[in-house]
Amino acid sequence: MSSSCSVENQNPNNNTTCSSSSSSSSLNFWLKKKKALVFSTIRRRSFYKKPPNSPNSPPPSTITLNETKSSPDDNDYDFIPKESSNEGQINLDADDETLLQILSRLPETESKKSTSLVSRSWLNLQGRLVRSVRVLEWSFLTCGRMFLRFPNLVDVDLLHATLRRNPKTPLAATPLISFAHEFGPPFYGSLVDIFSSSQNHTLLLPVDQVDSGLKALATTYPNLQRLVVVNASEIGLLNVAEGCRTLQELVLHRCHDELLRGIAAFTNLQILKLIGSVDGLYSSLVSDIGLTILAQGCKRLVKLELRGCEGSYDGLRAIGQCCHMLEELALCDHRMDDGWLSALSYCQNLKILSLVSCKRIDQNPGLDEHLGCCRMLERLHLERCHLKEKQQSLRALFLVCQAVRELVVKNCWGLKDGVFLNANLCRWRVKLVSLEGCSRLTTQGLEAVVVSFKELESLRVISCNNIKEDEVSPALSNLFATLKNLKWTPDNRSLVLTSLSESGMGKRGGRFFKKLQILNT
């Protein structure tokens, strides 16, 4: 028989070589491969070697990797996952509750939102953490996808979903409407081009569809705390009041007197915003009847905002007599009858009074002795109001608010020196004065008022172009020295100088111009 070329039968002391050259080359390749395999195994063991346990080391985390011993004789552990059908994946032993706690502690960034892309189970976990949502499509609510995707909502905004949209217009091109969160005029874009019709009643969904959606919403979310809705009825509000006992904030668009009958069922309501009429979008009536129904039903109100609502002295008096916890009242673009200012004295615990975008205040407030006073008032906020040639109404307003501590006037038209002089009626307790965008007010008019304030501590003057720095008198300068907080940027020039004072701009070319002067001489 021919000699064998295998390693087992080969004698190391024998000099006899194999007859075939191919057998010798295959033997050398096998030896090299075995040597490389041994070195790779040693390196792999050194990388995955388990560190020794110290007595003070913390216990292992809940999310761990599977441990496997390399061999019975080896005391080291290999932290390589066990072989499974899904090779390369890490097995997580944490349950859903543990993952929810981990995800809830992540900061609100884009990386937290991207965790929903890991898997379908992580998408469901991320939906359980969402508490507030703004619905853009009504079908998302009616088909039930919203309830499955976000099962723990406490804040739902249905404003944009209840507006009809032209099917030819993509959803991304629909403008977002801003009403409730900040004071000021609403922004609703080019509604005539976006929505199906320019008539007010066809812009909104039918009342029965809105009511059916509210019924499903109240059944699914019993812990709802805030709701924004448009074009609802009394039945829809009663369904919400019955299903959501803990509702604390309600924003009603296109509100009217009949709709306010369902308000009495909300026993825990604290914040209420009523939008009656919006120019170019819809128009509805909120009169003294609706305000009286509101006052008798919601006696725990803390904040009330009336936008585009009508009414008079009787309606506001009923609110003051019934809502003893009312602390903040905001009137935006009000259409109230004359004489309503004297009803504010019935709000005994009122602390903040805001007038925003009002074309008029009160043209016939009545006699001074009948106005009364809000003795607990702390802040008076006037923004984008027309004050031109309305000295009598503004005087009555300052008489009612003579106990105020903070006076804020922002972007009001027609605030001249003679009109602003009525603020001297509040001189005893005012500690903060903020003036912004009052272009008709002069330095003399400002001095005549702020010097009379006995307890003034803070002064802010921003973008008042008729107030000049070179017209500041010594009395006003002495007042500035005693203030705790002073922000003085009355015109654009002073604003630029203040912002560039620390940068050194405006001084870098001084040496160059000095050299030019020397050469010219």
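Computation of the quantities below employed the complete heavy-atom set of this structure, encompassing side-chain atoms and omitting hydrogens, waters and symmetry-equivalent molecules. When a residue number appears, it is its place in the shown sequence, counting from 1.
At least one side-chain heavy atom of V461 sits under 4.5 Å from a side-chain heavy atom of I467. Under the 4.5 Å side-chain criterion, counting only non-hydrogen atoms from C-beta, V450 is in contact with L459. At least one side-chain heavy atom of V228 sits less than 4.5 Å from a side-chain heavy atom of H253. Contact check for L446 versus V449: no side-chain heavy atoms found under the 4.5 Å cut-off. Residues L205 and V230 are not in side-chain contact: their nearest non-hydrogen atoms beyond the backbone lie 4.5 Å or more apart. V430 is listed as a side-chain neighbour of V404, based on a closest heavy-atom distance under 4.5 Å. A heavy-atom distance below 4.5 Å is not found between the side chains of E249 and L272. Put simply, the side chain of R254 does not reach to within 4.5 Å of the side chain of L259, judged on heavy atoms.
In this structure, K303 does not pair ionically with E305, as no charged nitrogen and carboxylate oxygen lie closer than 4.0 Å. Ion pairing between R134 and D157 fails under the 4.0 Å rule for side-chain N and carboxylate O. D338 has a carboxylate O that lies under 4.0 Å from a charged side-chain N of R360, or vice versa, which qualifies the two as a salt bridge.
The nearest pair of heavy atoms linking G414 to V419 is O-CG2, 4.3 Å. When all heavy atoms of D362 and S393 are compared, the closest pair comes out as O-CB, 2.9 Å. The two residues C322 and A295 come nearest to each other via the heavy atoms CB-O, 3.2 Å. Scanning all heavy atoms of the two residues, the minimum distance from L224 to D155 falls at CD1-N, 3.9 Å. Shortest non-hydrogen contact noted between E137 and A161 is C-CB, 4.0 Å. In terms of heavy atoms, G315 sits closest to D288 at N-OD1, 3.3 Å.
With sequence neighbours excluded, the residues that form a side chain to side chain donor-acceptor pair (under 3.5 Å) with E447 are S473. S287 is linked by a side chain to side chain donor-acceptor pair (under 3.5 Å) to D257, counting only residues two or more places apart in sequence or in another chain. Residues that satisfy the salt bridge (charged side-chain N to carboxylate O under 4.0 Å, His left out) test with R261, not counting sequence neighbours, are absent from this structure. With sequence neighbours left out, the side-chain contact (heavy atoms from CB on, under 4.5 Å) criterion links T292 to Q296, A318. Looking at residues two or more places apart in sequence or on another chain, you find no side chain to side chain donor-acceptor pair (under 3.5 Å) involving R427.
To the nearest 0.5 Å, atom SG of residue C309 and atom CG of residue L274 are 5.5 Å apart. If you take SG on C385 and CG on L415, they are separated by 10.5 Å, rounding to the nearest 0.5 Å. With rounding to the nearest 0.5 angstrom, the CG atom of L217 is 12.0 Å from the OG1 atom of T142. Between the SG atom in C347 and the CD1 atom in I319 there is a gap of 7.5 Å [rounded to 0.5 Å]. Here the OG atom belonging to S132 is positioned 11.0 Å from the CD atom belonging to Q225, to the nearest 0.5 angstrom. Rounded to the nearest 0.5 angstrom, Q270 CD and Q248 CD are separated by 5.0 Å.
The backbone N or O of N465 sits less than 3.5 Å from a side-chain atom of K468, completing a donor-acceptor pair. At least one donor-acceptor pair under 3.5 Å links the side chain of N152 to the backbone N or O of R128. Between the side chain of N268 and the main chain of T246, no donor-acceptor pair closer than 3.5 Å is present. Side chain of R335 to main chain of D333: a donor-acceptor pair is present (N/O by atom type, distance under 3.5 Å, no hydrogens or angles).
For CZ of R131, the number of neighbouring non-hydrogen atoms (other residues, nucleotides, ligands) closer than 6.0 Å is greater than 12. The number of heavy atoms from other shown groups lying within 6.0 Å of CD (E258) does not exceed 12. Environment of CG in L479: crowded, with over 12 heavy atoms of neighbouring residues, nucleotides or ligands closer than 6.0 Å.
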For this session: Tell me, with the steps shown, if E310 and V286 meet side-chain contact (heavy atoms from CB on, under 4.5 Å).
Result: CA-CA 5 Å; E310 300 181 11; V286 177; 6.0 Å; no
Problem set entry | Intermediate values then yes/no, side-chain contact (heavy atoms from CB on, under 4.5 Å), V251 and L159 | CA-CA 10 Å; V251 182; L159 173 60; over 6 Å; no
Exercise. When you look at L432 and L407, which way does the side-chain contact (heavy atoms from CB on, under 4.5 Å) test go after all the steps?
Worked result: CA-CA 6 Å; L432 182 145; L407 177 60; over 6 Å; no
For this session: Apply side-chain contact (heavy atoms from CB on, under 4.5 Å) to the pair M336 and L306, showing each step before the final yes or no.
Result: CA-CA 11 Å; M336 294 190 177; L306 303 176; 4.0 Å; yes
For this session: Using the side chain to side chain donor-acceptor pair (under 3.5 Å) rule, take D337 and S312 through it: C-alpha gap first, then chi angles, then the decisive distance, then the call.
Result: CA-CA 5 Å; D337 298 336; S312 64; 4.6 Å; no
Table please: side-chain donor-acceptor pairs of residues 238-245 below 3.5 Å, with sequence neighbours left out.
residue : atom : partner : partner atom : Å
N239    : ND2  : I235    : O            : 3.3
R245    : NE   : E242    : O            : 3.4

Acceptor/donor pairs from residues 365-379 side chains to any protein atom, 3.5 angstrom cut, sequence neighbours excluded:
residue : atom : partner : partner atom : Å
D368    : OD2  : R395    : NH2          : 3.1
R379    : NH1  : E406    : OE1          : 2.7

Listing, residues 206-216 side-chain donor-acceptor contacts under 3.5 Å, not counting sequence neighbours, or none:
residue : atom : partner : partner atom : Å
D211    : OD1  : S233    : N            : 3.3
D211    : OD1  : S233    : OG           : 3.1
D211    : OD2  : S233    : OG           : 2.3
S212    : OG   : D208    : O            : 3.3
S212    : OG   : Q209    : O            : 2.7

N/O donor-acceptor pairs under 3.5 Å from side chains in residues 434-442, not counting sequence neighbours:
residue : atom : partner : partner atom : Å
S434    : OG   : R460    : NH1          : 2.5
T442    : OG1  : D417    : OD1          : 3.1
T442    : OG1  : D417    : OD2          : 2.4
T442    : OG1  : G445    : N            : 3.4

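In the model, S458 has a side-chain atom that pairs as donor or acceptor with a side-chain atom of N485 under 3.5 Å. Between the side chains of S452 and N424, at least one donor-acceptor pair of N or O atoms lies under 3.5 Å.
Applying the ring pair (Phe, Tyr, Trp, His ring centres under 6.0 Å) definition to pairs two or more places apart or across chains, those involving residues 398-426 are H386-W413. Residue pairs meeting the ring pair (Phe, Tyr, Trp, His ring centres under 6.0 Å) criterion with at least one member in residues 312-359, sequence neighbours excluded, are H334-W340. Here ring pair (Phe, Tyr, Trp, His ring centres under 6.0 Å) pairs that include residues 217-238, with residues two or more places apart or in two chains, are F147-Y221.
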